[in-house]
*Asks:* 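Please find one structure pasted underneath; my questions will follow.
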Amino acid sequence: MQEIKRTICDICASRCPMDCYIEDGRIVSVEPGQKGSGASGLCSKGAAALQYVYNKERLRYPMVRTGEKGSGRFERITWDEAYDLMAEKLLRIRENHGPESVVFYAGYPKWYRPALLRFANAFGSPNFCTESSTCFQAFALSWALTFGGRPAMPDLKNCRTLMLWSRNLFHSDVGAGVMLRKLRERGGKVIDVDPANTVTAYESDIHLDPLPGTDGALALGMANVILSEGLWDREFVEKYVSGFGEFRAYAASFTPERVEQITGVKKELVVEAARIYALNKPSAIMFSASPVVHNINGLQNYRAVEALIAITGNYDVPGGNCLRARASAPLNEFGRVLRLTEPEAIGQREFPAWFDCPCQEAQCTRLAQYIQSEEPYPIKGLFAMGMNHRMWPKPSHLERALGKLDFYVDSDLFITDSMKTADLILPAQSFFEHDEIIDPMDGRVILREAVIPPEGEAENDIVMIQRLMQRMGLSDPVLSGSYEDYMNQILLPSGLQVSDLRGHPEGLYSEETGSPEYRSFEKTPFNTPSGKIELASEVLKRYEKSHGYHALPVYQDFREHIPEACLLGKEREAFLAEYPLILNAGSRRPQFFHSRTYRMAWLRNLEEAALLEMHPSDAEAREIHDGDPVQVVSSCGSISAVAELNPSCHPGVVRFYHGNPQADVNELIPEEYLDPVSGFPGFKSWFCEVKRYA
Ligand SMILES: Nc1nc2c(c(=O)[nH]1)N[C@H]1C(S)=C(S)[C@@H](COP(=O)(O)OP(=O)(O)OC[C@H]3O[C@@H](n4cnc5c(=O)[nH]c(N)nc54)[C@H](O)[C@@H]3O)O[C@H]1N2
Ligand SMILES: Nc1nc2c(c(=O)[nH]1)N[C@H]1C(S)=C(S)[C@@H](COP(=O)(O)OP(=O)(O)OC[C@H]3O[C@@H](n4cnc5c(=O)[nH]c(N)nc54)[C@H](O)[C@@H]3O)O[C@H]1N2
Ligand code: SF4
Ligand SMILES: [Mo]
């Protein structure tokens, strides 16, 4: 007999409702769920969910390494033995080298991070690190430096103009894409800033197509139009903004002509977009967690974009960028627990502003170098949940460094390439197999209940942390009970309990739900050193001499500031002549989700070859035809691919998806190609050449 159980897909973060057809404890098919927010339907990844949960590469039991490191030979052990082994190894490393010598790491999943941070704190290590060393945190830092506090989100319900700054919603966040259509139906204007001519650009009123990495020049040019045409909000600026005079003087040199020269965007469009944003108010900007800050000048580029909000007063007003425009469920946010600040964390010396703001996690993009150099101190152990070395620049170096650790344990749904050098590997449950509290940001609280029993002995990551802490004699008030106790503590402010939510897959509204609120600045000063919005950042100014940071959102062209270490002794001009194309690595494709979906046959079959997207004019100049095998070459590696001639690509820019085990584009990007403030890699604007195989 078949039973239908409702869940919410978690293969990506769009959270589409999904109905699971269950027979004898196994999912036999999935369909779009009936009720939900945003998108209706399942994308290719969701439709292929069975190949996710029942993949032949699923890790089903704890396994310990038996062969050489890197051999990939493991044998099954019991959970009891696994906990004993972890407790013994991690405690011994702490005794011999200090708690900071163990790094606690979380990959993309967010749900177990608060528990992992508490574990790191109880252990005594300041090195709680996550994938957010390359995602979101640089944007959050740019925001914290300018406004103090967390990023303000676009008030989509009330804005008249929405500016999408590097968001391809129809590929990366389907539900938000649907909202875009609604906005236009009610007469709203959409400006899209994206080098590529995407579906989202097609759904917009104006498309600005800057070269990747030139966003700062474009934003400064728009600011210049707004300031020179008197379209700025004098009252707001006078009361709430510091550094305005310096900013205005600096932006004045970004004339529309100069902006066109740097970015390639037609000067008339720069002017038109600036006027619409400033005049068709209220206006909101939708930022991205990644593309803009995946450039070596990305943090300052986003600060320049954020300055537009400050000078037009589109901050925390209905329809602007707001702190609480959506109803959120009142939940305990254990993630607000702070990381230990003593002893010094990795990344702290190179990226001090990151730690001044303060960030909940350490900056670990240079993990491979810290392990190899034993600077600032030896790293000997790694407790990882979802480690994927392919997401970092020069992944083979990280893989080698992981192989050097005394003890490396990793939990994951799948047996991954990153596990080859691990000492112990732990089977994690998928979202189909465990319960989880979810806040869909519309006032509801949802308990997403397990719909099937775990595969093999797969375990809930938080339960793994709880059991291990117990075995190690470490305690934490939030983690000491059962997993259900933990969830009940999350729910505490809502007045609901797990037992209330069971059997209500659509969720329940909490009476305490926070309703939208605006104009926080009238009550509370900005949490910056000056108490105002800082167009000239006092935190960045501290590091002017030591780190060369600029207080203003200065535009530094990535082509003129290639770090010495990346030039390999070549003159800059010669280097650019040898690698004349801009490599834009990892712009989202709908069927892929980082490394995890390549192993799903339906999705792999959609694009069996590793495709290099390039503009027909760049292909013609190299006598490359659609479907030709090509080699993509950079100063530090090369990969084989198949050319896809795509007129939606920006001329001079080639695009390639990351995480592909057959052709790992991150191998082409040097480890030292980083934003000096945030430490984020320049994934979106490195340099390469493409050659047709003879
Ligand atoms: N299908 C799918 N969806 C995903 C993911 C996935 O892997 N697959 N990953 C999720 C994650 S982790 C993230 S962070 C988000 C990211 O989601 P988005 O922010 O939407 O990211 P992308 O699709 O990478 O990039 C959006 C657009 O930015 C453009 N772009 C590239 N470089 C630049 C630049 O330098 N400047 C500007 N202005 N635009 C640029 C690209 O052409 C692209 O069309 O997606 C999430 N959603
Ligand atoms: N070139 C290039 N590189 C990039 C990017 C880019 O745009 N271009 N984007 C960067 C960005 S924005 C991001 S967010 C990162 C993402 O990079 P990663 O964090 O590496 O992303 P995933 O591969 O999705 O997830 C990591 C691992 O977590 C596992 N996992 C999934 N769910 C669970 C779970 O519940 N428990 C456990 N224990 N494991 C689980 C997955 O199977 C996978 O092996 O990549 C970054 N790297
Ligand atoms: S967009 Fe696709 S993968 Fe993401 S939640 Fe929805 S169905 Fe799942
Ligand atoms: Mo991301």
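Every number for a ligand or one of its atoms is a count from 1 in the order of the listing.
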*Asks:* Just let me know how A428 lines up against ligand 2, side chain, backbone, both or neither, with a heavy-atom cut-off below 4.0 Å.
*Replies:* side chain
*Asks:* Which residue, N584, N660, L583, forms the side-chain contact (heavy atoms from CB on, under 4.5 Å) with V665?
*Replies:* L583
*Asks:* Please tell me whether S132 and R113 have a donor and an acceptor in their side chains that are separated by less than 3.5 angstrom.
*Replies:*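 Side-chain D/A pair, S132 to R113: present.
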*Asks:* Which ligand 1 atoms does H171 reach within 4.0 Å, using its non-hydrogen atoms?
*Replies:*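 Matching atoms, with element in brackets: 1 (N), 2 (C), 3 (N).
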*Asks:* Number the atoms of ligand 2 from 1 as they appear, then name those within less than 4.0 Å of a heavy atom of S595, with their elements.
*Replies:* 23 (O)
*Asks:* Please list, in number order, the atoms of ligand 2 under 4.0 Å from a heavy atom of G107.
*Replies:* 19 (O)
*Asks:* Using only heavy-atom distances, determine whether the side chains of N666 and W392 contain a donor-acceptor pair under 3.5 Å.
*Replies:* no
*Asks:* In the protein, what heavy atom is nearest to atom 24 (O) of ligand 2, and what distance, to one decimal place, separates them?
*Replies:*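 Among all protein heavy atoms, the one nearest atom 24 (O) of ligand 2 is R596 NE, 2.9 Å.
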*Asks:* Identify whether NZ of Lys or CZ of Arg in R596 sits under 6.0 Å from the centre of the six-membered ring of Y52 and within 45° of that ring's axis.
*Replies:*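 No; the conditions do not both hold, so R596 does not lie above the ring face of Y52.
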*Asks:* Is the Y673 to F683 ring centre distance short of 6.0 Å?
*Replies:* no
*Asks:* Which ligand 1 atoms are under 4.0 Å away from a heavy-atom of A289?
*Replies:*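 Counting from 1, the qualifying ligand atoms are 14 (S).
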*Asks:* Give the residue, atom name and distance (to 0.1 Å) of the protein heavy atom nearest atom 13 (C) of ligand 2.
*Replies:*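 For this ligand atom, the closest protein heavy atom is H594 CE1, 3.5 Å.
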*Asks:* Looking only at protein heavy atoms, which one is nearest to atom 46 (C) of ligand 2, and what is the separation?
*Replies:* T134 OG1, 3.5 Å
*Asks:* Heavy-atom distances under 4.0 Å decide this one: backbone, side chain, both or neither, for R390 against ligand 2?
*Replies:* neither
*Asks:* Please identify which atoms of ligand 3 are closer than 4.0 Å to at least one heavy atom of L42.
*Replies:*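 Taking each heavy atom of L42 in turn, ligand 3 has 7 (S) under 4.0 Å.
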*Asks:* So if I count the atoms of ligand 2 from 1 in the order they appear, which ones are less than 4.0 Å from some heavy atom of A585?
*Replies:*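 In order of numbering, the contacting atoms are 1 (N), 2 (C), 6 (C), 7 (O), 8 (N).
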*Asks:* Side chains of E433 and S430: any donor to acceptor distance under 3.5 Å?
*Replies:* yes
*Asks:* Under 3.5 Å between some N or O of ligand 2 and some N or O of E131?
*Replies:*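 So ligand 2 has no N or O lying under 3.5 Å from an N or O of E131.
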*Asks:* So if I count the atoms of ligand 1 from 1 in the order they appear, which ones are less than 4.0 Å from some heavy atom of V193?
*Replies:*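 Taking each heavy atom of V193 in turn, ligand 1 has 38 (N) under 4.0 Å.
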*Asks:* Would you indicate which of K684, H658, R588 comes nearest to atom 11 (C) of ligand 2 when only heavy atoms are counted?
*Replies:* R588
*Asks:* Are any of the heavy atoms in F431 under 4.0 Å away from ligand 2?
*Replies:*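 It does not, in that no heavy atom of F431 comes within the 4.0 Å cut-off of ligand 2.
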*Asks:* Give the atom numbers and elements of ligand 1 that come within less than 4.0 Å of a heavy atom of Y657.
*Replies:* 6 (C), 7 (O), 8 (N)
*Asks:* Using only heavy-atom distances, determine whether the side chains of S142 and E306 contain a donor-acceptor pair under 3.5 Å.
*Replies:* yes
*Asks:* Would you say H615 and H650 are linked by a side-chain donor-acceptor pair, where the criterion is simply a distance under 3.5 Å?
*Replies:* no
*Asks:* Hey, which atoms in ligand 3 end up nearer than 4.0 Å to a heavy atom of K45?
*Replies:* 3 (S)
*Asks:* State which residue, out of R604, K45, E607, fulfils the side-chain hydrogen bond (donor to acceptor under 3.5 Å, both in side chains) condition with Q591.
*Replies:*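 That would be E607; it is the only one of R604, K45, E607 passing the side-chain hydrogen bond (donor to acceptor under 3.5 Å, both in side chains) with Q591.
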*Asks:* Can you report which non-hydrogen protein atom sits closest to atom 36 (N) of ligand 2, along with the distance?
*Replies:* D461 OD2, 2.9 Å
*Asks:* May I ask you to identify the nearest protein heavy atom to atom 45 (O) of ligand 2, giving residue, atom name and distance to one decimal place in Å?
*Replies:* M391 CB, 3.4 Å
*Asks:* So, Q363 versus T365: side-chain donor-acceptor pair below 3.5 Å or not?
*Replies:*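 Yes - a donor-acceptor pair under 3.5 Å links their side chains.
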*Asks:* Looking only at protein heavy atoms, which one is nearest to atom 29 (C) of ligand 2, and what is the separation?
*Replies:* D412 OD2, 3.2 Å
*Asks:* Any nitrogen or oxygen of P109, main chain or side chain, under 3.5 Å from a nitrogen or oxygen of ligand 2?
*Replies:* no
*Asks:* Which atoms from ligand 3 have a heavy atom of I11 less than 4.0 Å away?
*Replies:*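 Going through ligand 3 atom by atom, the ones under 4.0 Å from I11 are 3 (S).
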*Asks:* What are the atoms of ligand 3, with element, lying closer than 4.0 Å to any heavy atom of R15?
*Replies:*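 So the answer, numbered in order with elements, is 5 (S).
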*Asks:* Does ligand 1 have an atom under 4.0 Å from some heavy atom of N295?
*Replies:* yes
*Asks:* For H650, is the nearest heavy atom under 4.0 Å from an atom of ligand 1?
*Replies:*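 The answer is no: ligand 1 sits nowhere under 4.0 Å from a heavy atom of H650.
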*Asks:* Does C16 bring an N, O or S atom to under 2.8 Å of atom 4 (Fe) of ligand 3?
*Replies:*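 Coordinating: no.
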*Asks:* For ligand 2 and N388, I'd like to know whether there is a polar contact (N/O to N/O, distance under 3.5 Å).
*Replies:*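 Among all N and O atoms of N388, at least one is under 3.5 Å from an N or O of ligand 2.
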*Asks:* Checking K110 against Y108: charged group under 6.0 Å from the ring centre and within 45 degrees of the axis?
*Replies:* yes
*Asks:* Quick one: do R181 and E203 make a salt bridge, cutoff under 4.0 Å?
*Replies:* yes
*Asks:* Ignoring hydrogens and angles, state whether a donor on the side chain of D557 or Y555 is under 3.5 Å from an acceptor on the partner side chain.
*Replies:* yes
*Asks:* Give the numbers and elements of all ligand 1 atoms closer than 4.0 Å to a heavy atom of N584.
*Replies:* 31 (C), 32 (N)
*Asks:* Atom CD1 of I296 and atom CZ of R559: how far apart are they, to the nearest 0.5 Å?
*Replies:*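 One gets 11.0 Å once the value is rounded to the nearest 0.5 Å.
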*Asks:* Starting from atom 26 (C) of ligand 2, what is the nearest protein heavy atom, named by residue and atom, and what distance separates them?
*Replies:*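 Result for atom 26 (C) of ligand 2: G386 O, 3.5 Å.
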*Asks:* What residue and heavy atom of the protein are closest to atom 4 (Fe) of ligand 3, and at what distance?
*Replies:* C12 SG, 2.3 Å
*Asks:* List ligand 1 atoms under 4.0 Å from F592, heavy atoms only on the residue side.
*Replies:*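 Those atoms are 1 (N), 2 (C), 6 (C), 7 (O), 8 (N).
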*Asks:* Is it the case that ligand 2 has an N or O less than 3.5 angstrom from some N or O of T416?
*Replies:*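 No, since none of the N or O atoms of T416 sits under 3.5 Å from an N or O of ligand 2.
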*Asks:* Considering the heavy atoms of C9, write down every atom of ligand 3 situated less than 4.0 Å from one of them.
*Replies:*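 Answer, ordered by atom number: 3 (S), 5 (S), 7 (S), 8 (Fe).
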*Asks:* Are any of the heavy atoms in Q591 under 4.0 Å away from ligand 1?
*Replies:*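 The answer is no: ligand 1 sits nowhere under 4.0 Å from a heavy atom of Q591.
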*Asks:* Any heavy atom of G213 sitting closer than 4.0 Å to ligand 1?
*Replies:*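 Judged by the 4.0 Å heavy-atom criterion, G213 does count as contacting ligand 1.
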*Asks:* Can you list the atoms of ligand 2 that are under 4.0 Å from a heavy atom of L413?
*Replies:*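 Here the atoms of ligand 2 in question are 32 (N), 33 (C), 34 (C), 40 (C).
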*Asks:* Answer yes or no: does an N/O atom from W392 fall short of 3.5 Å to an N/O atom of ligand 2?
*Replies:* no
*Asks:* Tell me the contacting part of M387 for ligand 2: side chain, backbone, both, or neither, using a 4.0 Å heavy-atom threshold, strictly below.
*Replies:*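 It is neither part, as no heavy atom is under 4.0 Å.
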*Asks:* Tell me which part of F414 gets within contact of ligand 2: side chain, backbone, both or neither, using heavy atoms under 4.0 Å.
*Replies:* side chain
*Asks:* Just by distance, with hydrogens left out, do T200 and D192 show a side-chain donor and acceptor under 3.5 Å apart?
*Replies:* no
*Asks:* Could you list the atoms of ligand 2 found under 4.0 angstrom from a heavy atom of N666?
*Replies:* 1 (N), 2 (C), 3 (N)
*Asks:* Between H434 and ligand 2, is there a nitrogen or oxygen pair with a distance under 3.5 Å?
*Replies:* no
*Asks:* Mark up the atoms of ligand 1 that fall under 4.0 Å of a heavy atom belonging to T198, in ascending order.
*Replies:* 44 (O)
*Asks:* Using a strict cut-off of 4.0 Å, indicate which atoms of ligand 2 neighbour a heavy atom of Y108.
*Replies:*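 Heavy-atom distances to Y108 below 4.0 Å select 14 (S), 19 (O), 21 (O), 24 (O), 25 (O).
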*Asks:* What protein heavy atom sits nearest atom 7 (S) of ligand 3, and how far off is it?
*Replies:*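 Here the closest protein heavy atom is C43 N, 3.5 Å.
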*Asks:* Number the atoms of ligand 1 from 1 as they appear, then name those within less than 4.0 Å of a heavy atom of P212, with their elements.
*Replies:* 34 (C), 35 (O)
*Asks:* For atom 35 (O) of ligand 2, what is the closest protein heavy atom, and at what distance to 0.1 Å?
*Replies:* W111 NE1, 3.3 Å
*Asks:* Would H294 count as a contact residue for ligand 1, given that I'm defining contact as a non-hydrogen atom of the residue lying under 4.0 Å from a ligand atom?
*Replies:*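 Under 4.0 Å: no for H294.
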